[in-house]
Amino acid sequence: MFFNEVTAHEIYKTIYSWLCSQTPGEYQTKSSLKNYSNKICMPIIKQVQQIRAFEQITETQEEFLSEVLYTGLIFRIQQYYKRRLAHVCPLPFYQSWSKSLEGLQQVSNLSGDVILLEGHATDAIDVFGLLHFFWKNRLLNGILSHMPIENLLRYEQEQEVLYPIQKENIINISVANHPNLSGKKIPLPQDKWFRNSLR
């Protein structure tokens, strides 16, 4: 197995902290985003690069790529502050997105007007695809007794993927109403899309 239990446990613990301890939409520092990105995503990206360098890959490695990577449309909501001159801070660190508007509608703590980002991802990390891979390959033995996976499964409907917020990946930014994200949206002019700071 190209992942050992120690690495899988570290990734699992960080995902557990990310999902169970953080409130969607709350302020994050660059250092905390970098920390989560390094602990969850960098080991995955390293494995992907190593697998893709092989001329032939095993069935397990093929399964890993299929379950853990996602390419397609992605969606994200953030708190909307009407008086801000611009609204989104691009960063190279991996952050939370969803594979669908339906997934975002499951985020319960944000309501009313929100910033809706629509983008396209190549090789985003599918959080629950990764957890399923770990579970299926018995890499979580010994950790689930004090970090029950049931506490994470309640977030599964959010269809969470991890991907950076970068200008080249953004298709559209608008103001929408949560939870009715499929309803009327007010497009933001592009000169109001990006800001240089998180606050």
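Looking at Trp97, its side chain does come within 3.5 Å of a backbone N or O of Tyr163 through a donor-acceptor pair. Distance alone, capped at 3.5 Å, is enough to place a donor-acceptor pair between the Thr14 side chain and the Glu10 backbone. Between the side chain of Asn4 and the backbone N or O of Val6, at least one donor-acceptor pair lies under 3.5 Å. A donor-acceptor pair under 3.5 Å is formed between the side chain of His178 and the backbone N or O of Val107. Side-chain atoms of Asn141 come within 3.5 Å of backbone N or O of Arg138 as a donor-acceptor pair. Not one N or O on the side chain of Tyr12 forms a donor-acceptor pair closer than 3.5 Å with the backbone of Ile143. No donor-acceptor pair under 3.5 Å is formed between the side chain of Trp135 and the backbone N or O of Leu140.
Within 6.0 Å of CD on Glu168 lie more than 12 heavy atoms contributed by other residues, nucleotides or ligands.
At least one side-chain heavy atom of Phe3 sits under 4.5 Å from a side-chain heavy atom of Ile44. Inter-residue side-chain proximity for Ile74 and Asn169 is flagged as unmet; no heavy-atom pair is nearer than 4.5 Å.
Listed by chain and number, the residues in a salt bridge (Lys or Arg N to Asp or Glu O under 4.0 Å) with Lys34 amount to none (sequence neighbours excluded). Checked against salt bridge (Lys or Arg N to Asp or Glu O under 4.0 Å), Glu102 has no partners two or more places apart in sequence or in another chain. Contacts of Lys136 classified as salt bridge (Lys or Arg N to Asp or Glu O under 4.0 Å), with partners at least two apart in sequence or in another chain: Glu63. Under the rule for a side chain to side chain contact (heavy atoms under 4.5 Å, CB included), the partners of Gln95 that lie at least two apart in sequence or sit in another chain are Leu33, Arg76, Leu91, Ile165. Tyr36 meets the ring pair (Phe, Tyr, Trp, His ring centres under 6.0 Å) test with Trp18; sequence neighbours excluded.
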| query | Do Leu188 and Ile115 pass the side-chain contact (heavy atoms from CB on, under 4.5 Å) test, and can you show the C-alpha distance, the side-chain angles, and the key distance before you say yes or no? | reply | CA-CA 9 Å; Leu188 280 179; Ile115 294 293; 3.8 Å; yes
| said: Please determine whether side-chain contact (heavy atoms from CB on, under 4.5 Å) holds for the pair Leu116 and Leu101, giving the CA-CA distance in whole Å, both sets of side-chain angles, and the decisive distance to 0.1 Å. | reply: CA-CA 10 Å; Leu116 173 63; Leu101 289 177; 3.9 Å; yes
| request: Just do the side-chain contact (heavy atoms from CB on, under 4.5 Å) check on Glu118 and Leu73 with the steps written out, would you? | output: CA-CA 7 Å; Glu118 301 171 65; Leu73 293 176; over 6 Å; no
| message | Does Ser96 form a side-chain contact (heavy atoms from CB on, under 4.5 Å) with Leu162? I'd like the steps, not just the answer. | response | CA-CA 5 Å; Ser96 295; Leu162 300 176; 4.1 Å; yes
N/O donor-acceptor pairs under 3.5 Å from side chains in residues 122-130, not counting sequence neighbours:
residue	atom	partner	partner atom	Å
Asp123	OD1	Arg52	NH2	3.3
Asp123	OD2	Arg52	NH1	2.7
Asp123	OD2	Arg52	NH2	3.3
Asp126	OD1	Phe128	N	3.3
Asp126	OD1	Gly129	N	2.9
Asp126	OD2	Lys99	NZ	2.8

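Remark: the Thr58 side chain and the Thr60 side chain contain no N/O donor-acceptor pair separated by less than 3.5 Å.
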